Amino acid sequence: MQRTFPLEKVRNIGIIAHIDAGKTTTTERILYYTGKTYRIGSVDDGTTVTDWMAQERERGITIVSAAVTAEWKDYQFNIIDTPGHIDFTAEVQRSLRVLDGGVVVFDAVQGVEPQSETVWRQADRYQVPRICFINKMDRLGASFDRSIQSIIDRLGANPIAMQIPIGEESNFIGVIDLLEMKAITWENSDGREFSVNEIPAEFKEAAEFAREQMIEKTAELDDELIERFLEGQAISNEELKTSLRKAVLESKTTLVFCGSSLRNKGVQPILDAVIDYLPSPLDIPAVKATTLDGEDFIELPTSDNESLSALVFKIVSDPYVGRLAYFRVYSGKMIAGETVMNPTKGKKERVGRLIRMYADRREDVEFIPSGDIGAILGLKFTFTGDTLCNQGHPIVLETISFPEPVISIAIEPKTTADQEKMGEALRRLSEEDPTFRVNTDEATGQTIISGMGELHLDVLVDRMMREFNVKANVGRPRVSYRETIQNPVSELSYKYVKQTGGHGQYGHVVINMEPLARGGGVVFEEKVTGGTIPREYFRAIENGIKEASQSGILAGYPVTDLKVTLIDGSYHEVDSSEMAFKMAAVFAFKEAFQKGRPTLLEPIMKVEVVMPEEFLGDVLGQVNSRRGEIQGTDIRPGNSHAVRALIPLAEMFGYATELRSATQGRGVFSMEFNHYAPVSETVAHRILNY
């Protein structure tokens with residue numbers, strides 16, 4: 001079995017950006033110019049390849065990340081088109097975990113927008129090298145220079161312009177390549193053909209100045225080049241390319257290109273840039289895995305001859321063929337028909353059909369080599385974040401972490417017949433989406449579903465009704481509050497003793513509980529000395545702590561941001577058991593939590609409102625009336641203003657209608673989760689119905 005493309009000619013890239021910056025439109029052009037499609041799809045017409053779900057086509061937004069494979073100049077591109085809406089941030093997170101490089105798309109009018117910052121930080125976390133594409137250069141108010149400045153100001157990045165536009169707004173016809181010092185223009189309507197000519201006289205001076213800046217910035221990143229630059233020596237284009245590639249791979253810079261995807265201008269140079277500057281699987285560090293006990297690290301070089309290591313990053317419930325598991329092979333080969341190990345679950349899995357994905361269409365293949373992305377049909381026990389490896393060489397790759405849901409709604413089936421169907425639909429949807437949670441309210445018996453925002457839950461309920469044919473009643477959205485403590489609690493002792501006819505139950509724990517910084521989660525630590533509790537009971541105690549933290553004592557919300565330390569206890573040789581120690585931990589946790597001055601936390605959202613200047617006062621008043629904390633205001637093109645603020649999620653319900661009313665329909669806002677913060681006493685009284 002021979003691979004079609006050598007590893008150095010493979011590129012795993014993601015198209016990432018804020019909502020409506022033009023990711024899907026750009027991907028659609030890439031597929032057309034690489035010969036994967038024979039017509040250009042339109043987001044507005046619902047004819048794009050990667051936005052294939054009915055909900056995506058109706059709303060004109062990307063909801064799930066879609067993988068496609070294309071070829072350009074004898075290179076294989078595995079492309080993932082990701083969502084831009086903050087409610088679907090998990091799709092971006094899991095895609096970035098398995099990608100080698102990214103193309104970040106910006107709107108030339110708006111520059112860096114709130115979700116642009118989020119995806120940039122996610123790419124930083126996973127150390128994904130990236131290049132930038134300033135899109136929509138043909139729009140009124142577009143500015144290449146202002147967009148680059150916003151990348152510096154709001155992202156703290158080091159951009160280097162590789163092109164400058166030929167004209168802006170309605171006069172935009174092409175770009176000037178600062179490396180080759182040539183003008184590239186697109187005249188025909190579909191953009192497939194373009195011409196490379198000398199730079200027009202009126203742009204010559206600006207191009208020479210921009211090239212000098214590009215060379216200077218490149219030289220600053222390379223010790224050898226900076227000496228030659230300062231001495232006035234010439235630097236060849238090949239040397240510049242080599243230096244730029246090295247700097248991009250080390251995330252020291254990000255290269256900036258421009259164009260207009262909708263007008264079919266500027267996309268082919270981006271494909272060339274992906275080849276020239278973004279990494280192949282051989283350019284990224286060898287993936288690190290751990291042994292099953294988690295004690296030893298193993299480096300797995302990207303090679304077909306190594307032992308298999310693959311990470312499942314996405315599960316899709318296909319109504320026609322069943323569960324599809326998307327995966328990235330880091331080393332070895334995934335071969336159809338073989339049996340592999342899922343060490344995360346301790347289960348064997350048979351690799352049924354192996355598939356190369358093309359959005360919602362698929363092509364059967366015999367194997368997926370190292371450094372490549374594919375999908376498997378028929379896995380029973382494998383979910384997002386699980387590792388697949390050879391049976392004789394069990395290893396575990398780092399899993400994917402996801403944010404906690406911030407909003408909930410109650411849902412109930414309309415008829416008894418819908419009851420069973422709803423349970424199955426919710427199970428399959430929660431398998432697909434790690435940020436979608438389903439639980440039952442013990443007090444009311446209601447089914448509660450939780451997600452990242454109103455749109456997220458709206459789409460999932462819509463999918464449940466359409467794909468699984470479930471009729472259901474849906475309640476109003478509710479905020480997912482959290483509970484924590486304000487004061488530390490020391491040496492709380494609890495004995496769990498039950499005496500029955502035979503063996504009794506005995507578990508005794510002594511714990512400390514202390515608050516953590518926001519975002520700390522629930523941390524368990526043991527500092528038992530002298531063997532007062534045998535080690536085999538530590539896991540049961542930790543499970544008891546984690547179970548108790550699922551429901552606080554104020555209103556039953558999950559507990560977060562605290563640390564529990566097991567410091568002492570005692571056991572009985574006959575009556576002690578794992579269950580006894582688990583129950584002791586549960587009751588000790590609740591008692592300590594009660595003594596630690598429990599308080600409610602609420603999700604605070606980072607909100608950006610953009611509106612014409614004449615409505616600025618009204619919008620500031622709205623923000624203040626919603627308990628908002630204003631972070632700053634910016635002037636935007638076209639006499640618009642942007643207000644940045646932190647506002648509790650509970651105050652944001654219904655804001656879209658109020659904003660439209662106050663701004664004559666001309667104001668828009670975007671929001672994303674920022675942090676949890678304690679609620680005031682007045683608000684706590686209202687929430688808890690005191």
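As the structure is a prediction and not an experimental result, all values here were calculated from the model. Any value given below was found using the heavy atoms of this structure, including those in side chains, with hydrogens, waters and symmetry copies removed.
No side-chain heavy atom of Ile16 sits under 4.5 Å from any side-chain heavy atom of Val105. Side-chain contact between Phe77 and Val274 is present, with at least one heavy-atom pair separated by less than 4.5 Å. Between Ile449 and Leu426 there is a side-chain heavy-atom pair separated by less than 4.5 Å. Here the side chains of Glu299 and Val287 are not in contact, with every heavy-atom distance at 4.5 Å or above. Taking the side chain as every heavy atom from C-beta outward, Val312 and Phe383 never approach each other to under 4.5 Å. Ile152 has its side chain within reach of Pro159: a pair of non-hydrogen atoms, C-beta onward, lies under 4.5 Å apart. Using a 4.5 Å heavy-atom threshold, the side chains of Phe327 and Thr387 count as separate. Side-chain contact between Met162 and Val256: absent, with no pair of heavy atoms (C-beta onward) separated by less than 4.5 Å.
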Full working for side chain to side chain contact (heavy atoms under 4.5 Å, CB included) between Ile80 and Phe313: CA-CA 12 Å; Ile80 297 184; Phe313 66 95; 4.0 Å; yes
Check the pair Ile298, Lys288 against side chain to side chain contact (heavy atoms under 4.5 Å, CB included), reporting the backbone distance first and the verdict last. CA-CA 6 Å; Ile298 305 163; Lys288 287 183 179 171; over 6 Å; no
Set out, in order, the CA-CA distance, both residues' side-chain angles and the distance that settles side chain to side chain contact (heavy atoms under 4.5 Å, CB included) for Cys132 and Phe106, then state yes or no. CA-CA 7 Å; Cys132 299; Phe106 296 98; 3.6 Å; yes
Go through Met334 and Leu388 one step at a time and tell me if the side chain to side chain contact (heavy atoms under 4.5 Å, CB included) criterion holds. CA-CA 9 Å; Met334 185 73 75; Leu388 295 174; 3.8 Å; yes
Test salt bridge (charged side-chain N to carboxylate O under 4.0 Å, His left out) applied to Glu608 and Arg154, step by step: CA-CA 14 Å; Glu608 183 174 274; Arg154 298 192 66 173; 3.4 Å; yes
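In this structure, Lys345 is not positioned above the aromatic face of Phe381 in the sense of NZ or CZ being under 6.0 Å from the six-membered ring centre and within 45° of the axis. Taking the ring centre of Tyr32 as origin, the terminal cationic atom of Arg192 falls inside the region bounded by 6.0 Å and 45° from the ring axis. For the pair Arg466 and Phe468, the NZ or CZ position fails the cation-pi test of under 6.0 Å to the six-membered ring centre and within 45 degrees of the ring normal. Judged by the 6.0 Å and 45° rule, Lys333 forms a cation-pi pair with Phe367.
Counting non-hydrogen atoms of other residues, nucleotides and ligands closer than 6.0 Å to CG of Asn237 gives a total above 12. Atom NZ of Lys9 is surrounded by more than 12 heavy atoms from other residues, nucleotides or ligands within 6.0 Å.
Heavy atoms only, all atoms of each residue included: Ser260 and Phe133 are closest at N-CZ, 4.3 Å. A pairwise comparison of heavy atoms in Ala425 and Met464 identifies CB-CG, 3.7 Å as the closest pair. Minimum heavy-atom separation, Ser331 to Pro301: CB-O, 3.3 Å. Nearest approach of Pro269 to Gln163, heavy atoms of both residues: CB-NE2, 3.4 Å. Heavy-atom minimum distance, Ala123 versus Leu96: N-CD1, 3.7 Å. Residues Val128 and Leu99 share a closest heavy-atom pair of CG2-O, 4.1 Å.
Salt-bridge annotation for Glu398 and Arg125: absent, with no side-chain N of the basic residue lying under 4.0 Å from a carboxylate O of the acidic one. Look at Asp138 and Lys265 and you find no salt bridge, because none of the NZ, NE, NH1 or NH2 atoms lies under 4.0 Å from a carboxylate O. For the pair Arg463 and Asp458, the salt-bridge criterion is not met [side-chain N within less than 4.0 Å of a carboxylate O]. Remark: Arg11 does not engage Asp100 in a salt bridge, criterion side-chain N to carboxylate O under 4.0 Å.
A search for side chain to side chain donor-acceptor pair (under 3.5 Å) contacts involving Trp120 returns nothing, not counting sequence neighbours.
Ser261 and Thr26 share a donor-acceptor pair across their side chains, judged by distance under 3.5 Å alone. For Glu349 and Thr382, the side-chain atoms include at least one donor-acceptor pair closer than 3.5 Å. A donor and an acceptor atom, one from each side chain of Ser243 and Thr218, are nowhere located under 3.5 Å apart.
At distances below 3.5 Å, not a single donor-acceptor pair connects side-chain atoms of Ser370 with backbone N or O atoms of Thr302. Here the side chain of Arg130 pairs no donor or acceptor atom with the backbone of Thr254 at under 3.5 angstrom. Although no hydrogens or angles enter the test, the distance criterion places a donor-acceptor pair under 3.5 Å between the side chain of Asp107 and the main chain of Val109. Checked by atom type and distance alone, the side chain of Glu338 never pairs as donor or acceptor with a backbone atom of Arg350 at under 3.5 Å. Within the 3.5 Å criterion, the main-chain N or O of His393 finds no donor-acceptor partner in the side chain of Asn390. Judged purely by atom type and a 3.5 angstrom limit, Ser430 uses its side chain to pair as donor or acceptor with the backbone of Arg427. The main-chain N or O of Phe297 is never found under 3.5 Å from a side-chain atom of Thr290 such that the two would form a donor-acceptor pair. Without hydrogens or angle criteria, Thr34 side chain to Trp72 main chain gives no donor-acceptor distance under 3.5 Å. Counting only distance, with no hydrogens or angles, the side chain of Arg437 and the backbone of Pro405 share no donor-acceptor pair below 3.5 Å. Side-chain atoms of Thr399 come within 3.5 Å of backbone N or O of Gly385 as a donor-acceptor pair.
The aromatic rings of Phe194 and Trp186 sit tilted, their planes meeting at an angle between 30° and 60°.
Distance check: Leu324 CG to Leu379 CG gives 9.5 Å after rounding to the nearest 0.5 Å. Here Glu250 contributes atom CD and Gln127 contributes atom CD; the two are 12.0 Å apart, rounded to the nearest 0.5 Å. Going from atom CD1 of Ile355 over to atom CG of Leu377 covers 3.5 Å, rounded to the nearest 0.5 Å. Atom CD1 of Ile160 and atom CG of Asn158 lie 5.5 Å apart (nearest 0.5 Å). To the nearest 0.5 Å, atoms CZ (Arg356) and CD1 (Ile368) are separated by 4.5 Å. Interatomic distance, CD of Gln76 versus CG of Asp372, reported as 4.5 Å (0.5 Å rounding).
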